[in-house]
Amino acid sequence: MKSSSDLLPRARVCEAAHEQYILRFDDGSESSAVPSGVLRWDAELPAVGDWVRARRADADLALIESVEARRNSISRQRPGGGGEQVLAANVDLILIVMGLDGDYNLRRLERYLVLAASSNAEALAVLNKQDLCVDWPTRLGEVQGLTENVVALSAQESVEAIRPHAAGRTVVLLGSSGAGKSTITNALLGERRQATLPVREHDSRGRHTTTKRMLIELPGGGALIDTPGLRELALWAGQDSVDEVFAGIAELARQCRFRDCSHSGEPGCAVVEALEAGGLDEARWASYQKLRAEAKYHEREADQRAAAEEKRKWKVIHKAMRHHPKQRF
Ligand SMILES: Nc1nc2c(ncn2[C@@H]2O[C@H](COP(=O)(O)OP(=O)(O)O)[C@@H](O)[C@H]2O)c(=O)[nH]1
Ligand SMILES: [Mg+2]
Ligand SMILES: [Zn+2]
């Protein structure tokens, strides 16, 4: 359906914080922006990566009137449990950046892979700081056991392994603070746009040099979204996304004798057999169960939330009908 806002200039959200936005218009100009009153009423506020229509209020302020339907979005559970937080919208590729120093953690990588699976964006694991890890081939092999899409590199030397994946696409960089996201961003841009800071020696942890999510256009098409490290990454994903990432394990668990096997000692349990035979890694199995339980909890919560929202909508409609009995809805 065409609406009047379709006639307004189109722009992409480059930054979003506390209802303050930076937009980049199709003509290349940039402007600060705030949501219009109508949009605020709509509740679904834009996120970085969204395409919007905006009215220029004056030389350096625009009013966002509408948000285009998202192709996809990357979301987590808002820290503190307040529902969905969209980290980025309309994303083609997620670079999961992990340092080959103390940052290296397969369990965290699995969590990111589930996040990617639930967003329907492609994921590429980037093992960075190859120069700091003599044993990097072993780690590369470990990660290849989780996903086929992985590259190992030193962002300080070359990011050419990433370039063909990023060309012409919207790419979001996720990973711990200090993993090298801003270094990769700068290298892909060919300029030092994002500030970077050394990590602490003893635990490889970075400081939050990048303080907000920010979309930056790539020369030759495409865009990068650099992000601060996420301290918390509670899943906004269903159990099917977990099964997608752990395809082999999900398949194995379906081979137990009893369909509702809890894998805790029933006869004919394919999981216990595989654990005993050494074909299934204990840590990976534990990780699967943990993420599966978290996703199940999320599904239940999302259902309750949807039911509450439905109820609220009908309440508003009934109220309006009482006040305007002649009006049709
Ligand atoms: N040795 C080494 N250090 C790197 C590499 N890539 C990034 N760093 C350093 O790691 C630190 C954190 O990088 P930064 O890009 O700010 O990480 P971010 O927090 O993920 O954006 C900086 O001091 C970078 O210079 C690499 O490939 N090798
Ligand atoms: Mg950074
Ligand atoms: Zn079983």
query = Given Glu110 and Arg284, is the salt bridge (Lys or Arg N to Asp or Glu O under 4.0 Å) satisfied, shown in steps?
reply = CA-CA 9 Å; Glu110 285 166 340; Arg284 190 152 160 75; 2.6 Å; yes
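- Side-chain heavy atoms closer than 4.5 Å link hydrophobic residues (I, L, V, M, F, W, Y) into clusters, and following such links, possibly through other members, connects Leu140 to Leu113.
- Scanning for ring pair (Phe, Tyr, Trp, His ring centres under 6.0 Å) contacts around His165 gives an empty result, with sequence neighbours left out.
- In this structure, Ile22 is not a member of the same hydrophobic cluster as Leu63, with clusters built from ILVMFWY side-chain heavy atoms closer than 4.5 Å.
- In this structure the side chain of Met98 never reaches within 4.5 angstrom of the side chain of Tyr112, judged on heavy atoms.
- Of the N and O atoms on the side chains of Ser29 and Arg56, at least one donor lies less than 3.5 Å from an acceptor on the other residue.
- Within the 3.5 Å criterion, the main-chain N or O of Ala155 finds a donor-acceptor partner in the side chain of Asn128.
- Between the Arg111 side chain and the Leu233 main chain, a donor and an acceptor come within less than 3.5 Å of each other.
- Judged purely by atom type and a 3.5 angstrom limit, Glu294 uses its side chain to pair as donor or acceptor with the backbone of Leu235.
- Salt-bridge annotation for Arg163 and Glu160: present, with a side-chain N of the basic residue lying under 4.0 Å from a carboxylate O of the acidic one.
- No continuous path of ILVMFWY side-chain contacts below 4.5 Å connects Val34 to Val52, so the two sit in separate hydrophobic clusters.
- Note: Arg55 CZ to Leu61 CG = 12.5 Å, rounded to the nearest 0.5 Å.
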request  = I would like to know whether Thr170 and Arg71 meet side-chain hydrogen bond (donor to acceptor under 3.5 Å, both in side chains); could you show each step before the answer?
outcome  = CA-CA 12 Å; Thr170 298; Arg71 197 153 38 78; 5.1 Å; no
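- Follow the hydrophobic side-chain contacts under 4.5 Å out from Tyr21 and you never reach Leu8; the two are in separate clusters.
- Crowding of Arg70 atom CZ: a count of heavy atoms from other residues, nucleotides or ligands under 6.0 Å exceeding 12.
- Pro35 places a side-chain heavy atom less than 4.5 Å from the side chain of Glu19.
- Distance check, rounded to the nearest 0.5 Å: OG of Ser182 to CG of Leu173 gives 8.0 Å.
- Between Cys14 and Ile216, the closest side-chain pair of non-hydrogen atoms is not below 4.5 Å.
- By the 4.5 Å heavy-atom criterion applied to side chains, Ser73 and Glu84 are counted as neighbours.
- The cationic atom of Arg292 (NZ for Lys, CZ for Arg) does not lie both less than 6.0 Å from the six-membered ring centre of Phe246 and within 45° of the ring axis.
- In this structure the side chain of Val171 never reaches within 4.5 angstrom of the side chain of Asp92, judged on heavy atoms.
- Between Arg12 and Glu217 there is no salt bridge, since none of the side-chain N atoms of the basic residue sits less than 4.0 Å from a carboxylate O of the acidic one.
- Taking 4.5 Å as the limit, every side-chain heavy atom of Ser119 sits out of range of all side-chain heavy atoms of Trp236.
- The same ILVMFWY cluster, assembled from side-chain heavy atoms under 4.5 Å apart, contains both Trp136 and Leu109.
- Using a 4.5 Å cut-off on side-chain heavy atoms (C-beta onward), Arg108 and Asp103 make contact.
- Contact check for Ile64 versus Pro46: side-chain heavy atoms found under the 4.5 Å cut-off.
- Within a 6.0 Å sphere centred on CZ of Phe258, heavy atoms belonging to other residues, nucleotides or ligands number more than 12.
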